[in-house]
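Data first, discussion second: the structure below is written as C-alpha cells.
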Amino acid sequence: MKTSSLRIVPLPTEIADAARRVVNTGVADHALITVDEHGSAPCRHCLRWAQPGERVILFPYAAIPSGQPYSETGPIFVHANECPRYSVTNEYPADFRNGRVFRAYDADYNMIDAEVADGNDPEAVIEKLLGNPKTEFVDARSVTRGCFTFRIRRA
Ligand SMILES: [Zn+2]
C-alpha cells in the first residue's frame, strides 16, 4: 500500500558496504552465514527476506546511538553480496507486514511509545505513532527477537 505520509528509511548503503568489507577480515563480531530457511534473515538494506542459499552477514548495529538512556546495539543481517537499497520509500515493505513491533522515539532518542501491529494494518499503527507531535521517528523491530528492521519518518 502506498502512503504519502510515511518515509521508509532502510539501512544506509555505506553501513552495508562496510560490513561487507569487514567480514572478510575475520573479525569476531561479523559472521558470514548461508541462509537455510525462508523468513529467518531479513536484509536491512533491500528490506527483503534473504532466500535459502543466499549468504548474509550478521553483525551488531547501533540503531539508537550510544550515550543515550535508550542506547541500543543489536544484531542485524545484510546480504553478503551487493543488493539494491530499498527505494520505494513511500510504500511499506511487503515482506515485513507481519511480526513487527513499532517503537516511537522523540528527538532525543527517548522511547515514548510502542505498539505491535500483528493482525493490524502496520501503516495505521505507524501513522498513529507519528501522529504524536513529540515522535521524531518510529523503528520497526522483530516482535519475537527484538532486532531492528528499519526506520520510518514523516514524508
Ligand atoms: Zn539485501
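Whatever order the structure lists ligands and atoms in, that order sets their numbers, starting from 1. Because the structure is predicted, anything quoted here is derived from the model rather than measured.
Distance CZ/F137 to CZ/R103: 10.5 Å, rounded to 0.5 Å.
Classified by interplanar angle (parallel below 30°, tilted 30° to 60°, perpendicular above 60°), the ring pair H30/F59 is parallel.
With salt bridges taken as basic N to acidic carboxylate O contacts below 4.0 Å, none links E54 and R48.
Across every non-hydrogen atom of T34 and G53, the tightest pair is CG2-O, 3.8 Å.
For the Zn ion (ligand 1), protein N, O or S atoms under 2.8 Å: 4 in total.
Side-chain atoms of R44 never come within 3.5 Å of backbone atoms of F150 as a donor-acceptor pair (strictly under, hydrogens ignored).
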Check: residues 108-117 side-chain donor-acceptor pairs under 3.5 Å, at least two apart:
from, atom 1, to, atom 2, distance (Å)
N110, ND2, D106, OD2, 3.3
E115, OE1, K128, NZ, 2.6

